[in-house]
Novice: 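Have a look at the structure that comes next, please.
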Amino acid sequence: MSELSVVTWNINSVRLRANRVAAFLKEHGPDVLCLQEIKCHEAQFPASVFREAGYEHMHIAGQKGLHGVATVSRLPLEPLDTPEFCNLGHARIVASRIDGYDIHNIYLPAGGDEPDPEINEKFAHKLEFLDRMEKFYGAFDKATPLIVVGDLNIAPFEHDVWSHKQLLKIVSHTPVETEAMARIVEAGGFNDLARREHAAEQKLYTWWSYRSKDWAASNRGRRLDHIWANPAAEPHAKPGTYHIYLEQRGGEKPSDHAPVQMTFGRL
DNA sequence: ATGGTTGTTACACAA
């Protein structure tokens, strides 16, 4: 095998959607699946479902009922130290090395409703998390292939939201957030692979609110889920392989996020 | 402009 396909998916409870995930793995067979919002402890993670699907290697950081991330892999996985982006001890990051790539799987804080750190401590937490990411990735060795994926809860560009104008004061698309994200991308030398693959004018969404009668008809989405490659990894990201599995937003009991995939060459 | 839905949990809260 000469390729390493990586999928990131905010699953919004892995226990509730274990069967959906297993069917997805059976149909599409990515090499690596990075899940966010597993919403359970490590011990409650449905590991047998993944093992039976051929994903024997797992790195899980869970907590009771909230947050939680897991990276599962067909290939051997080496757990790495967890970058300390969260100052509240949440299970929001797992770092793993798979086939020579460092893969950081991140669930960035949503940040609450009010985009003012003075009155909303969740937003302050989000900004602190972003600041720590900028410092960490600025110091990260650019020669080590690094892929950063996850639900970053920010839609950075105009066409990453259904209405730029209407969302400028909505958490996930405020200038203070999108500018912080731009600084992280700059510091790490990252390439936002969705935008490497698609023109800036093309609308791209990976999340649609549950609070909509018909998510597909109204299509008021945002691109919150990301796949970034640093300078050592980006040349190995295969052109034309970026994909959003829109159909996973449909069907019975979907997550509010769709899975997103990119394929890399084996190092 | 407001309220709309979902998941985990325990009699709200986070998203």
Side-chain angles (χ1 to χ4, degrees), chain A residues 8-22 24 34-46 49 60-70 85-93 105-117 119-130 149-156 160-174 176-178 180-181 205-226 246-260:
Chain A
T8 178
W9 194 2
N10 179 320
I11 197 61
N12 188 18
S13 173
V14 71
R15 290 176 293 174
L16 192 67
R17 278 179 258 283
N19 290 340
R20 175 184 282 262
V21 177
F24 176 85
C34 296
L35 296 169
Q36 301 88 37
E37 280 207 274
I38 63 173
K39 292 191 170 179
C40 63
H41 275 300
E42 288 94 332
Q44 300 171 301
F45 188 80
V49 168
I60 306 162
Q63 65 181 85
K64 180 181 178 182
L66 282 175
H67 319 313
V69 289
F85 300 149
C86 179
N87 58 9
L88 298 175
H90 298 166
R92 292 182 177 275
I93 307 143
N105 174 7
I106 298 174
Y107 175 50
L108 205 141
D113 289 332
E114 191 58 53
D116 179 353
I119 60 171
N120 172 9
E121 63 184 23
K122 293 196 186 80
F123 197 71
H125 178 229
K126 185 175 195 175
L127 296 183
E128 169 69 14
F129 196 106
L130 290 163
V149 307
D151 176 5
L152 303 184
N153 267 314
I154 295 174
D160 292 332
V161 293
W162 64 276
S163 169
H164 176 60
K165 189 179 175 188
Q166 287 182 249
L167 286 167
L168 273 170
K169 291 181 179 174
I170 302 298
V171 171
S172 75
H173 195 61
T174 66
V176 65
E177 295 168 88
T178 58
M181 178 168 271
Y205 310 139
T206 65
W207 173 89
W208 296 258
S209 173
Y210 284 130
R211 303 175 191 182
S212 160
K213 275 247 188 295
D214 186 335
W215 71 275
S218 58
N219 198 25
R220 294 184 168 191
R222 307 178 200 170
R223 185 169 70 98
L224 303 180
D225 302 275
H226 299 274
L246 284 186
E247 69 276 15
Q248 284 297 335
R249 182 61 183 78
E252 286 299 307
K253 290 232 166 243
S255 168
D256 44 356
H257 295 252
V260 182

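Reminder, nothing fancy here: chain letters follow the sequence lines and each chain counts from 1.
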Novice: Taking only the P atom of each, what is the distance from B/dA10 to B/dA14 in whole angstrom?
Specialist: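 14 Å, rounded to whole Å.
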Novice: Look at A/Lys253 and B/dG7 and indicate whether a side-chain polar atom (N or O) is within less than 4.0 Å of OP1 or OP2.
Specialist: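 Yes.
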Novice: Let's see if you can work this out: which of B/dT9, B/dA14, B/dG7 has an atom nearest to the side-chain heavy atoms of A/Arg15?
Specialist: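 Nearest to the side-chain atoms of A/Arg15, counting from C-beta on, is B/dT9.
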Novice: Rounded to whole Å, how long is the line connecting atom CD1 of A/Ile38 with atom C1' of B/dT8?
Specialist: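 Between C1' of B/dT8 and CD1 of A/Ile38: 14 Å.
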Novice: For A/Trp207, does the six-membered ring have the charged nitrogen or CZ of A/Arg222 within the cation-pi criterion, i.e. under 6.0 angstrom from the centroid and within 45° of the normal?
Specialist: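 Cation-pi check for A/Arg222 and A/Trp207: fails.
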Novice: Once you round it to whole Å, what is the distance between C1' of B/dA14 and CG of A/Asn120?
Specialist: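 Rounded to the whole Å, the gap is 12 Å.
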Novice: Can you identify which nucleotide, out of B/dT5, B/dT8, B/dA10, has its nearest atom closest to the A/Tyr210 side chain?
Specialist: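 Nucleotide nearest to A/Tyr210's side chain: B/dT5.
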Novice: Hey, which of these two, A/Glu37 or A/Lys64, hits DNA chain B nearer its 5' end, going by closest nucleotide?
Specialist: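 In this pair, the answer is A/Lys64.
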Novice: From the options A/Leu224, A/Val149, A/Thr206, select the one residue that forms a side chain to side chain contact (heavy atoms under 4.5 Å, CB included) with A/Val260.
Specialist: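 Among A/Leu224, A/Val149, A/Thr206, the one that satisfies the side chain to side chain contact (heavy atoms under 4.5 Å, CB included) with A/Val260 is A/Thr206.
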Novice: Taking CZ from A/Phe123 and P from B/dA14, how many angstroms apart are they, rounded to a whole number?
Specialist: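 Answer to the nearest Å: 17 Å.
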Novice: Applying a 4.0 Å non-hydrogen cut-off, can you work out what A/Arg249 is touching in the nucleic acid: base, sugar-phosphate, or nothing?
Specialist: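 No contact at all - A/Arg249 keeps every heavy atom at 4.0 Å or more from the nucleic acid.
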Novice: Taking CG from A/Asp113 and P from B/dA14, how many angstroms apart are they, rounded to a whole number?
Specialist: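 Answer to the nearest Å: 11 Å.
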Novice: Nearest to the side chain of A/Arg211, which nucleotide is it out of B/dG4, B/dT9, B/dG7?
Specialist: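 Nucleotide nearest to A/Arg211's side chain: B/dG4.
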Novice: Please tell me whether A/Thr8 and A/Gln36 have a donor and an acceptor in their side chains that are separated by less than 3.5 angstrom.
Specialist: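 Checked: A/Thr8/A/Gln36 side chains pair up, N/O donor to acceptor below 3.5 Å.
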Novice: Does A/Arg17 reach a base, just sugar-phosphate, or nothing at all? Heavy atoms under 4.0 Å.
Specialist: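 Sugar-phosphate only.
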Novice: Just checking A/Asn19: does its CG atom have more than 12 heavy atoms from other residues, nucleotides or ligands closer to it than 6.0 angstrom?
Specialist: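 No, CG of A/Asn19 has 12 or fewer neighbouring heavy atoms, counting only those of other groups under 6.0 Å.
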Novice: What's the gap between B/dT9 and B/dA15 when it is taken at their C1' atoms, as a whole Å value?
Specialist: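 Approximately 15 Å lies between the C1' atom of B/dT9 and that of B/dA15.
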Novice: Aromatic rings A/His164 and A/His173: how do their planes relate, parallel, tilted or perpendicular, breaks at 30° and 60°?
Specialist: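 Perpendicular, since the angle between the ring planes exceeds 60°.
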Novice: Taking atom P in both B/dG7 and B/dA1, compute the distance separating them and give it to the nearest angstrom.
Specialist: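 Comparing P positions in B/dG7 and B/dA1 gives a spacing of 31 Å.
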Novice: Between B/dG7, B/dA15, B/dT9, spot the one nearest the side chain of A/Lys122, thanks.
Specialist: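 The nucleotide sitting nearest to the side chain is B/dA15.
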Novice: Mapping A/Arg92 and A/Lys213 to their closest nucleotides on DNA chain B, which lands nearer the 5' end?
Specialist: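 Counting from the 5' end, the first nearest nucleotide belongs to A/Lys213.
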